[in-house]
There are 2 protein chains.
Amino acid sequence: MGKCEQCIIRQLNALKTLTKEELIRVSHCKTVKTIKKGEVLFNEGEYINGIFCIKSGICKVSKMSENGREQIVNLVKRGDLLGERSLISEEAANLKATAVNEMEICFIPKHEILRDLNENNSFSMSFLKEMAMSLKTNNNTVVEMAQKSVKQRLAHTLLNLAEEFGLDENGALSIHLSREDIANIIGTATETTIRLLSEFKKKDLISLKNKDIFIQNKEELRQISEGI
Amino acid sequence: MGKCEQCIIRQLNALKTLTKEELIRVSHCKTVKTIKKGEVLFNEGEYINGIFCIKSGICKVSKMSENGREQIVNLVKRGDLLGERSLISEEAANLKATAVNEMEICFIPKHEILRDLNENNSFSMSFLKEMAMSLKTNNNTVVEMAQKSVKQRLAHTLLNLAEEFGLDENGALSIHLSREDIANIIGTATETTIRLLSEFKKKDLISLKNKDIFIQNKEELRQISEGI
DNA sequence: CGATTGCTTGACCCCCATCAATCCTCGTGG
DNA sequence: CCACGAGGATTGATGGGGGTCAAGCAATCG
């Protein structure tokens, strides 16, 4: 079992502010898990009783709308924490987390995190900063959803995926999502997403080769996303 | 100048966890302001350098989309804090705050809050909980915006306004918003909002008498908002 | 009492949800 | 090794929701 004190991942999130002793305690009570693609980490309404620290892989965080459609509200990757919100509120999870590809995660039980939050002030400040950041992104997403057309949102999403998850050696988006997942990020029907993707392709803004998406004209996509 | 130690408002938010000495310090550095209807507390991009504690009145928190339309992301009322997010991130404000009616507010400078956050752990925990709560509401708003029709959102908004701000002595919504403001909450055109309001009126779900809105059939509005 | 601002209604049309059919791709078992 | 089935991707047709422009009306204010 790996030692948290020596783990590089913790440098990427609020856990970096834990002291050596705290990290050793975390090491002793954490559990490491491998999650297969498509597996559910937790569901809406479940009590998670801890937080997840993502070592590798990507996971989609979503919520079922009353209309019966899934809305993806976040994509979580290496270095991110997951489940912080529910832990702080001491409530059941409001969201569902599903692995997009194979993941390696550490699970840290609630009592340990709460203890550290109470004792270590730079840890709780660090936590606060992360939540403040999410809050900002979320506010911006609300505006995006409420005010922009589906086409604008798709353009924005493609640029975002490229920026957040990078490109592979061939220049394709390295994150691999189904059309349905993309549609569920944007908040539209799968067919509409497909139609718009092929429209973008026709205009040489992107190209599509066996399941890979290549961004060809970043600048014009940006303009579309901003409604210019 | 009022003393924070004796102020009832602080019981309504995270400030309730401050110690007596901390409150006295806050008292000495805070400023009280009266804000007239329509006045702007702060604008996108401004540095606020502190937080606002709302003593009375209501304020809309909004953001301009690139399309040039205003989206209201929150309504803040008596007892709420405002500006926490920017304070924590130490960034310029991402949002704009405008008084919906006459307001009385206290402004507490950043240095005092940061000091208390660093020294008083139950204060920072309390702060964390409030942010976690906002994060949850915000996630739900994203889903609402992305997945529900304008009609559903209007029904939901009307019920929400009734619940959050209550009814006046006659049973009308006590919060008073222009059609445009309602449209900017829902994320639609003013005309569409008006048309839907009159549709609701025809079906006796609401009634409209000189600028007042009365909810007549809560149950059916709820069903509409959930898409039943 | 004009004038500015907000409210309301009409007409038009495009965006996008929905249903349906076909095609493609890939893993599985015979 | 191939046939087959299942799930994802794609394209077509269709209709309604809602954005937009325009004009008229009500209300509020200096």
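Predicted model only: the values in this text are computed from it and were never measured.
- For the OP1/OP2 pair of dG18(D) and a distance below 4.0 Å, the side-chain nitrogens and oxygens of T188(B) include no atom meeting the criterion.
- Residue V150(A) is the one, among K211(A) and V150(A), whose nearest nucleotide of DNA chain C lies closer to the 5' end (criterion: closest heavy atom).
- Within 3.5 Å, no donor on the side chain of R69(B) pairs with an acceptor on the base of dT20(D), nor the reverse.
- Note: CG (D181(A)) to C1' (dA9(D)) measures 14 Å, nearest angstrom.
- Inspection of the N67(B) and K148(A) side chains reveals no N or O donor paired with an N or O acceptor under 3.5 Å.
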**Message:** For a side chain to side chain contact (heavy atoms under 4.5 Å, CB included) check, start with the C-alpha distance between L197(A) and I206(A), then their side-chain angles and the critical distance, and finish with the verdict.
**Reply:** CA-CA 8 Å; L197(A) 280 175; I206(A) 61 172; 3.7 Å; yes
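- Here dA20(C) presents its P atom at 12 Å from CD of E191(A), a figure rounded to the nearest Å.
- Between R179(A) and the phosphate of dT10(D), there is a side-chain N or O to OP1/OP2 separation shorter than 4.0 Å.
- As a whole-Å value, the separation of N67(B) CG from dT20(D) P is 8 Å.
- Between Q152(B) atom CD and dA17(C) atom C1' the separation is 13 Å, expressed in whole Å.
- Atom CD1 of I194(B) is separated from atom C1' of dT5(C) by 13 Å (rounded to the nearest Å).
- Rounded to whole angstrom, the span from the CG atom of N210(B) across to the P atom of dC25(D) amounts to 21 Å.
- The interatomic distance linking K202(B) (NZ) with dT8(C) (C1') rounds to 12 Å, in whole Å.
- Heavy atoms from other residues, nucleotides or ligands lying under 6.0 Å from NZ of K201(A) number 12 at most.
- E163(A) CD: 12 or fewer foreign heavy atoms inside a 6.0 Å radius.
- Rounded to whole Å, atom C1' of dC16(C) lies 13 Å from atom CD of Q147(B).
- Taking the charged nitrogens against the carboxylate oxygens, K96(A) and E46(A) have no contact shorter than 4.0 Å, which rules out a salt bridge.
- Residue-to-nucleotide contacts include a donor-acceptor pair under 3.5 Å from the side chain of R195(A) to the base of dG12(D).
- The listed nucleotides are dT9(C), dA9(D), dA17(C); the one nearest the side chain of A189(A) is dA17(C).
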